[in-house]
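Quick note: numbers below take in every heavy atom, side chains included, and nothing from hydrogens, waters or symmetry partners. Since the model is a prediction, treat every value here as computed from it, not as a measurement.
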Amino acid sequence: MNLVYLMENEVCFMKKKLGVLFLILHLSCLPSLLIAQQNYKDISKSAGIDVSGENIGVAFGDYDNDGDEDLYISVRDGHNKLFQNIDGQSFVNVAHLAGVDYDGSSRTSIWMDINNDNFLDLYVGNFDENDVLYLNKGDGTFEDISRWGRIYNPGKTFSVNAADVNQDGWIDLYVANFREENKLFLNRKDNSFTNAIDQTGAKSTDNAMGAVFFDYDNDRDPDLYLIHDGQPFILYKNTGGGNFVDVSEAAGVDYDGFGMGVDVGDVNNDGWLDLYVTNLYENVLYLNNGDGTFKDGSAIAKIEDYGMGWGTNFLDFNNDGKRDIYVTNDSYFSPYPNVLYKNMGDSTFQMMFSELEVASMQAGYGSAIADINKDGFVDIALANAGSSDHFQLFANQNEQGNWIGIKLEGVKSNRAAIGARIEIIDEFGQLHIDEVNAGSGYASMNSLVIHFGLGQAKNIKSGKIYWPQGISQEFDALSSNHYYKIVEGETPVLLEQTVTSAEDQLLNQFRFKVFPNPASNFINVSFQLEQSADYNWFLYDVRGKLVRHQLQNKGLTGKNSFQLENLPAKGIYQLVLSGKDFHLSKKVILK
């Protein structure tokens with residue numbers, strides 16, 4: 001049975017009807033109290049992401065370094081999309097402006113920093129077309145350097161993952177192909193790569209689908225797990241220096257199924273990363289025994305899920321300190337909805353039937369998680385692959401549960417800190433761990449910012465970072481409900497939130513508006529003052545360079561407006577309006 005090519009064909013509309021009936025029958029058996037509160041709301045249209053078509057994967061990444069998460073959508077039947085996060089509530093497609101609107105048959109993408117310049121670059125994996133490597137130029141635009149970068153992979157790419165496999169401080173790339181030889185591109189440190197798959201031992205020509213790098217044996221180097229369609233899965237142990245050996249059978253994870261996606265997370269807070277795999281029919285939860293082996297905990301956990309599974313994510317949706325699981329299903333192929341599983345803390349999970357929004361009876365494929373508005377609660381992006389389906393962005397509606405967010409930056413290690421592990425101990429002595437990962441689930445990538453739910457804990461007692469270069473670093477107590485940045489070897493620094501209620505109130509008070517946005521020929525700016533006051537305005541590029549300004553403007557009581565003409569080159573800018581008692585800013589896109 002070749003599931004990949006079945007997925008490429010249209011499936012009948014009747015299966016969607018059967019899926020809806022399945023969901024209604026299950027909901028009718030539950031008490032009304034259970035469906036009263038929903039944790040997620042679909043905000044796609046209000047956020048400006050009204051996208052239909054065959055969307056396969058989604059990747060979160062802060063490509064413009066403004067502190068919030070942007071998202072890239074891989075499209076099977078048209079132009080790929082890059083949605084820039086404007087204010088945590090609205091997004092604008094800047095793919096054409098940025099030069100990354102690839103028009104072909106894309107399946108997957110990831111963000112990583114190949115040259116350690118602190119700007120995320122982009123790899124796009126395609127189907128029967130050569131993959132594309134885009135270099136971030138730091139001005140909001142990208143350059144296709146595939147040829148210069150020696151990226152040659154014209155196969156059927158379903159998964160791309162990044163890790164510093166040989167721990168030399170530069171990020172490498174693993175490309176998983178369907179029925180063709182996989183590639184392992186080692187970084188040459190000059191924006192180019194060498195395919196070293198023959199030398200590393202991670203060579204495979206199986207029906208590759210999902211893949212993930214993670215340190216399963218806690219020996220501080222990245223191991224690799226491959227998911228296959230109709231063939232045994234493979235766990236490659238990194239024996240040092242980027243050399244791999246197949247330990248699948250010994251580790252007990254050589255499952256032979258119709259696998260699609262995979263993610264890693266510590267579901268029982270024991271300090272060892274576990275695996276969750278989506279399949280056609282039963283999904284699998286592998287619990288890490290801590291001795292190099294895993295055990296199948298699926299039946300006890302009650303998370304088998306019998307749908308046509310694709311994307312999956314470990315996340316703490318309610319910030320109770322326990323990793324939950326989200327599963328996407330192609331509900332047209334098999335009449336099962338997407339599922340959010342709540343971790344009950346006793347080795348079992350509860351299916352959240354109340355989550356009607358994220359259940360989404362469409363052709364769910366790739367999914368990814370990030371905190372899009374910096375409120376401390378993880379949101380979900382979902383790529384649906386039906387020709388008339390809509391991409392969905394689910395905003396987390398929770399308000400309770402403490403949390404902490406940590407963004408890492410490497411110095412000797414790769415700049416994006418991909419592969420770093422964070423361990424924290426909260427005030428109650430509970431251990432929490434996670435790793436910075438580039439590529440997981442199915443054809444997708446979660447945020448590089450690590451998020452921990454803490455439950456009732458108001459602070460963490462201590463923390464430790466294992467950097468990819470092999471350095472370990474400890475840090476002291478930190479307060480909950482904040483984002484921190486930790487540079488390798490330095491003390492944590494509190495990050496200002498991109499969106500705060502105080503800022504929202506200030507913008508509303510002054511009725512500060514910029515339109516049109518995106519703009520090409522001119523920008524109209526309007527604001528309101530309670531009493532006359534002088535003001536200045538400044539226009540900065542993404543590097544913080546001042547490109548335009550005007551000082552000593554006279555603002556009158558009531559509504560004020562002015563127009564900016566002769567705009568600078570296309571790109572992303574920050575417009576700042578400043579007076580004695582106010583300081584307002586808006587992101588502006590010039591196309």
- request: Please work out whether the ring planes of Phe394 and Tyr40 are parallel, tilted or perpendicular, with thresholds of 30° and 60°.
  value: perpendicular
message: Is it the case that over 12 heavy atoms from other parts of the model lie below 6.0 angstrom from the NZ atom of Lys407?
response: no
- request: For the pair Asp426 (side chain) and Ala457 (backbone), establish whether a donor and an acceptor sit closer than 3.5 Å, ignoring hydrogens and angles.
  value: no
- prompt: What are the two closest heavy atoms between Ser447 and Phe60, and how far apart are they?
  reply: N-CB, 3.9 Å
message: Do Gln84 and Asp70 pair up side chain to side chain, a donor and an acceptor below 3.5 Å, judged on atom types alone?
response: no
field: Between Asn85 and Glu69: side-chain donor-acceptor atoms closer than 3.5 Å
entry: no
task: Would you please indicate if the ring centroids of Tyr483 and Trp403 are separated by under 6.0 Å?
output: yes
message: Ignoring hydrogens and geometry beyond distance, is a side-chain donor-acceptor pair present between Trp170 and Asn414 at under 3.5 Å?
response: no
- prompt: At their closest point, which heavy atom of Gly169 faces which heavy atom of Gln469, and how far apart are they?
  reply: N-OE1, 3.1 Å
field: Reported NZ-to-OG1 distance for the pair Lys570 and Thr141, which is rounded to 0.5 angstrom
entry: 7.0 Å
message: Against Asn313, only a single residue in Asp263, Thr328, Asn446 fulfils side chain to side chain donor-acceptor pair (under 3.5 Å); can you say which?
response: Asn446
message: I'd like to know whether Asp131 forms a side chain to side chain contact (heavy atoms under 4.5 Å, CB included) with Val124, so could you lay out the CA-CA distance, the side-chain angles of the two residues, the decisive distance to 0.1 Å, and finally the verdict.
response: CA-CA 6 Å; Asp131 295 346; Val124 178; over 6 Å; no
task: Go through the side-chain N and O atoms of Asn384 and Gln392 and say whether any donor and acceptor fall under 3.5 Å apart.
output: yes
- prompt: Going by the angle between their ring planes, with limits at 30° and 60°, are Phe142 and Tyr134 parallel, tilted or perpendicular?
  reply: perpendicular
message: Quick one, Tyr63 and Leu82 - any side-chain contact, counting heavy atoms below 4.5 Å?
response: yes
- prompt: What residues form a salt bridge (Lys or Arg N to Asp or Glu O under 4.0 Å) with Lys41, not counting sequence neighbours?
  reply: none
- request: Tell me yes or no: between the side chains of Asn39 and Asn398, is some donor less than 3.5 Å from an acceptor?
  value: yes
- prompt: For Leu448 and Ala416, which heavy atoms make the closest approach, and how far apart are they?
  reply: CD1-CB, 4.3 Å
field: Test log, rule side chain to side chain contact (heavy atoms under 4.5 Å, CB included), inputs Phe119 and Asn65
entry: CA-CA 7 Å; Phe119 285 94; Asn65 285 351; 3.5 Å; yes
- prompt: Rounded to the nearest 0.5 Å, how far does NZ of Lys461 lie from CD1 of Ile424?
  reply: 12.0 Å
- prompt: Does Ser46 reach the main-chain N or O of Ile43 with its side chain, forming a donor-acceptor pair under 3.5 Å?
  reply: yes
task: Given ring pair (Phe, Tyr, Trp, His ring centres under 6.0 Å), test Phe582 with Phe510 step by step and report yes or no.
output: CA-CA 9 Å; Phe582 59 89; Phe510 286 87; 4.9 Å; yes
- request: Kindly indicate whether the side chain of Thr312, heavy atoms from C-beta on, has any atom under 4.5 Å from the side chain of Ile325.
  value: yes
message: Using only atom types and a distance under 3.5 Å, with no angle test, would you say the side chain of Asp113 pairs donor to acceptor with the backbone of Asn118?
response: yes
Backbone N/O of Leu584 and side chain of Lys586: donor-acceptor pair under 3.5 Å: no
query: Quick one: does Met112's side chain get under 4.5 Å of Ile114's, heavy atoms only?
result: yes
- prompt: Do you know which two heavy atoms are closest between Ala417 and Glu409, and how far apart they sit?
  reply: CB-N, 4.3 Å
message: When you compare the side chain of Leu529 with that of Leu556, does any pair of heavy atoms fall below 4.5 Å?
response: no
query: Is it true that the side chains of Asn80 and Ser106 contain a donor and an acceptor less than 3.5 Å apart?
result: yes
message: When you measure from the side chain of Asn343 to the backbone of Val267, do you find a donor-acceptor pair of N or O atoms at a distance under 3.5 Å?
response: yes
- request: Hey, could you give me the CG/CD1 distance between Asn396 and Ile380, rounded to the nearest 0.5 Å?
  value: 7.5 Å
- request: Could you please spell out the steps behind the side chain to side chain contact (heavy atoms under 4.5 Å, CB included) verdict for Phe377 and Gln397?
  value: CA-CA 8 Å; Phe377 293 87; Gln397 304 296 293; over 6 Å; no
- prompt: Has Gln456 got more than 12 heavy atoms of other residues, nucleotides or ligands less than 6.0 Å from its CD?
  reply: no
- prompt: Can you tell me if NZ on Lys580 sees more than 12 non-hydrogen neighbours from other groups inside 6.0 Å?
  reply: no
- prompt: Does any non-hydrogen side-chain atom of Asp190 lie less than 4.5 Å from one of Asn115?
  reply: no
query: So, the side chain of Asp389 versus the backbone of Gln362: is there a donor-acceptor pair under 3.5 Å, distance only?
result: no
query: If you take all heavy atoms of Ala381 and Phe391, which pair is closest and at what distance?
result: CB-CZ, 3.9 Å
- prompt: Are side-chain heavy atoms of Asn521 and Leu567 found at a separation under 4.5 Å?
  reply: no
- request: Measure the shortest side-chain to side-chain distance between Leu454 and Asn319 over non-hydrogen atoms and say whether it is less than 4.5 angstrom.
  value: no
message: Less than 3.5 Å apart, any donor N or O on the side chain of Asn536 or Ser578 sitting next to an acceptor on the other?
response: no
Salt-bridge contact Asp379-Lys374 (side-chain N to carboxylate O under 4.0 Å): no
query: Should Asp117 and Lys137 be marked as a salt bridge (Lys or Arg N to Asp or Glu O under 4.0 Å) after you check the CA-CA gap, both sets of side-chain angles, and the distance that decides it?
result: CA-CA 10 Å; Asp117 67 348; Lys137 296 167 67 176; over 6 Å; no
- prompt: Does a donor on one side chain sit under 3.5 Å from an acceptor on the other, for His451 and Asp316?
  reply: no
Ser146 (side chain) donor-acceptor with Leu133 (main chain) under 3.5 angstrom: yes
query: Which atoms form the tightest heavy-atom contact between Ser526 and Phe515, and what is the distance?
result: OG-CE2, 4.0 Å
query: Would one find more than 12 heavy atoms of other residues, nucleotides or ligands at under 6.0 Å from atom CD of Gln400?
result: no
query: Between Glu488 and Lys412, is there a salt bridge with N-O shorter than 4.0 Å?
result: no
- request: Among residues two or more places apart or on two chains, list those pairs meeting salt bridge (charged side-chain N to carboxylate O under 4.0 Å, His left out) that have a residue in residues 434-457.
  value: Arg323-Asp434, Arg421-Glu435
message: Would the distance check show the side chain of Asn116 and the main-chain N or O of Arg415 forming a donor-acceptor pair, the cut-off being under 3.5 Å?
response: yes
message: Run the side chain to side chain contact (heavy atoms under 4.5 Å, CB included) test on Ile486 and Leu408 for me, step by step, so that the C-alpha distance in whole Å, both residues' side-chain angles and the decisive distance to 0.1 Å come before the verdict.
response: CA-CA 5 Å; Ile486 304 178; Leu408 298 180; 3.8 Å; yes
field: Polar side-chain atom of Ser444 near backbone of Val58 as donor-acceptor pair, under 3.5 Å
entry: yes
message: Assess, by modelled atom type and distance only, whether the side chains of Tyr326 and Asn338 contain a donor and an acceptor separated by less than 3.5 Å.
response: yes
- line: So salt bridge (charged side-chain N to carboxylate O under 4.0 Å, His left out) across residues 438-452, not counting sequence neighbours, yields none
query: So, do Trp537 and Val525 sit near enough that their side-chain heavy atoms are less than 4.5 Å apart?
result: no
- request: Determine, for Lys458 against Glu427, whether the closest basic-nitrogen to carboxylate-oxygen distance falls under 4.0 angstrom.
  value: no
field: Asn93 side chain to Phe83 backbone, donor-acceptor under 3.5 Å
entry: no
